[in-house]
Amino acid sequence: MFSQVNAFDEMANLLASGIEPERLIAYEIPLRLIERYQFLVDKEKNEEVSTSEKSELDSLLMINHVISMAKLMALKKLAAA
(Lines give C-alpha, C1' and ligand atoms only; values in the text may rest on other atoms or scores of the structure.)
Protein backbone atom coordinates (compact mmCIF):
# COMPACT_ATOMS: atom_id res chain seq x y z
CA MET A 1 0.00 0.00 0.00
CA PHE A 2 1.27 3.47 -0.89
CA SER A 3 1.20 6.38 1.52
CA GLN A 4 -0.03 9.77 0.41
CA VAL A 5 2.77 11.96 -0.91
CA ASN A 6 2.71 15.60 0.12
CA ALA A 7 4.41 17.86 -2.42
CA PHE A 8 5.41 20.31 0.30
CA ASP A 9 7.07 17.57 2.33
CA GLU A 10 8.98 16.55 -0.79
CA MET A 11 10.16 20.13 -1.23
CA ALA A 12 11.22 20.23 2.42
CA ASN A 13 13.14 16.98 1.94
CA LEU A 14 14.90 18.46 -1.07
CA LEU A 15 15.90 21.54 0.93
CA ALA A 16 17.08 19.45 3.86
CA SER A 17 19.19 17.22 1.64
CA GLY A 18 20.79 20.02 -0.36
CA ILE A 19 21.80 22.48 2.35
CA GLU A 20 24.10 22.01 5.32
CA PRO A 21 21.82 21.17 8.26
CA GLU A 22 23.29 23.88 10.49
CA ARG A 23 22.74 26.52 7.82
CA LEU A 24 19.15 25.44 7.24
CA ILE A 25 18.35 25.39 10.95
CA ALA A 26 19.80 28.90 11.35
CA TYR A 27 17.71 30.31 8.48
CA GLU A 28 15.26 33.02 9.49
CA ILE A 29 12.37 34.18 7.35
CA PRO A 30 13.03 37.79 6.29
CA LEU A 31 11.34 40.43 8.42
CA ARG A 32 9.55 41.94 5.40
CA LEU A 33 7.76 38.62 4.81
CA ILE A 34 6.82 38.32 8.48
CA GLU A 35 5.42 41.85 8.41
CA ARG A 36 3.51 41.17 5.21
CA TYR A 37 2.08 37.98 6.70
CA GLN A 38 0.92 39.85 9.81
CA PHE A 39 -0.64 42.58 7.67
CA LEU A 40 -2.59 40.00 5.66
CA VAL A 41 -3.68 38.12 8.79
CA ASP A 42 -4.99 41.36 10.27
CA LYS A 43 -6.91 42.11 7.08
CA GLU A 44 -8.35 38.61 7.07
CA LYS A 45 -9.47 38.92 10.70
CA ASN A 46 -11.29 42.14 9.79
CA GLU A 47 -12.77 40.47 6.69
CA GLU A 48 -11.04 43.01 4.45
CA VAL A 49 -8.77 40.62 2.58
CA SER A 50 -9.12 40.44 -1.21
CA THR A 51 -9.01 37.21 -3.19
CA SER A 52 -5.46 37.88 -4.36
CA GLU A 53 -4.35 38.74 -0.81
CA LYS A 54 -5.93 35.52 0.48
CA SER A 55 -3.97 33.61 -2.14
CA GLU A 56 -0.79 35.41 -1.08
CA LEU A 57 -1.50 34.58 2.57
CA ASP A 58 -2.03 30.92 1.70
CA SER A 59 1.28 30.90 -0.18
CA LEU A 60 3.12 32.41 2.77
CA LEU A 61 1.64 29.74 5.04
CA MET A 62 2.76 27.00 2.64
CA ILE A 63 6.27 28.45 2.46
CA ASN A 64 6.44 28.55 6.24
CA HIS A 65 5.31 24.91 6.39
CA VAL A 66 7.99 23.80 3.93
CA ILE A 67 10.73 25.67 5.78
CA SER A 68 9.57 24.31 9.15
CA MET A 69 9.51 20.74 7.83
CA ALA A 70 12.96 21.16 6.27
CA LYS A 71 14.32 22.43 9.59
CA LEU A 72 12.85 19.42 11.39
CA MET A 73 14.45 17.08 8.87
CA ALA A 74 17.78 18.87 9.31
CA LEU A 75 17.53 18.50 13.09
CA LYS A 76 16.86 14.77 12.68
CA LYS A 77 19.82 14.49 10.33
CA LEU A 78 22.11 16.14 12.89
CA ALA A 79 20.77 13.95 15.70
CA ALA A 80 21.46 10.82 13.66
CA ALA A 81 25.05 11.85 12.89
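Nothing fancy with the numbering, it's 1 onward along the sequence.
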Q: With side-chain contact (heavy atoms from CB on, under 4.5 Å) as the test, would you mind laying out the steps for Ile25 and Leu78 before giving the verdict?
A: CA-CA 10 Å; Ile25 293 165; Leu78 282 178; 3.5 Å; yes
Q: Check the hydrophobic clustering (I, L, V, M, F, W, Y; side-chain heavy atoms under 4.5 Å; chains of links allowed) and say if Met69 and Ile29 are grouped together.
A: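 Cluster IDs for Met69 and Ile29 differ.
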Q: Is the number of heavy atoms from other residues, nucleotides or ligands within 6.0 Å of CD (Glu22) greater than 12?
A: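 Result for CD/Glu22: enclosed.
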Q: Do the side chains of Ile63 and Leu57 join up, straight or via other hydrophobic residues, at under 4.5 Å, putting them in one cluster?
A: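 Ile63 clusters together with Leu57.
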Q: Nearest 0.5 Å please: distance from the CD atom of Glu56 over to the CG atom of Asp58.
A: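 So the gap between those two atoms works out to 10.0 Å.
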Q: CD of Glu53 to CZ of Arg36: how many Å apart, nearest 0.5 Å?
A: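 Rounded to the nearest 0.5 Å, the CD-CZ separation comes out at 5.5 Å.
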Q: For Ile19 and Tyr27, what are the C-alpha separation, side-chain angles and deciding distance, and is it a side-chain contact (heavy atoms from CB on, under 4.5 Å)?
A: CA-CA 11 Å; Ile19 298 175; Tyr27 175 78; over 6 Å; no
Q: Rounded to the nearest 0.5 Å, how far apart are CG of Leu61 and OH of Tyr37?
A: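 It is 5.0 Å, given to the nearest 0.5 Å.
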Q: Do Met62 and Val66 pass the side-chain contact (heavy atoms from CB on, under 4.5 Å) test, and can you show the C-alpha distance, the side-chain angles, and the key distance before you say yes or no?
A: CA-CA 6 Å; Met62 287 185 267; Val66 170; 5.6 Å; no
Q: Any link between Val41 and Val49 through a network of hydrophobic side chains (Ile, Leu, Val, Met, Phe, Trp, Tyr) touching at under 4.5 Å?
A: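 Each belongs to a different hydrophobic cluster.
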Q: Looking only at non-hydrogen atoms, find the nearest pair between Ala70 and Leu24 and report the distance.
A: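 What the structure gives for the nearest pair is O-CD2, 3.4 Å.
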Q: Can Leu60 and Leu40 be said to form a side-chain contact (heavy atoms from CB on, under 4.5 Å), step by step?
A: CA-CA 10 Å; Leu60 290 171; Leu40 293 172; 4.0 Å; yes
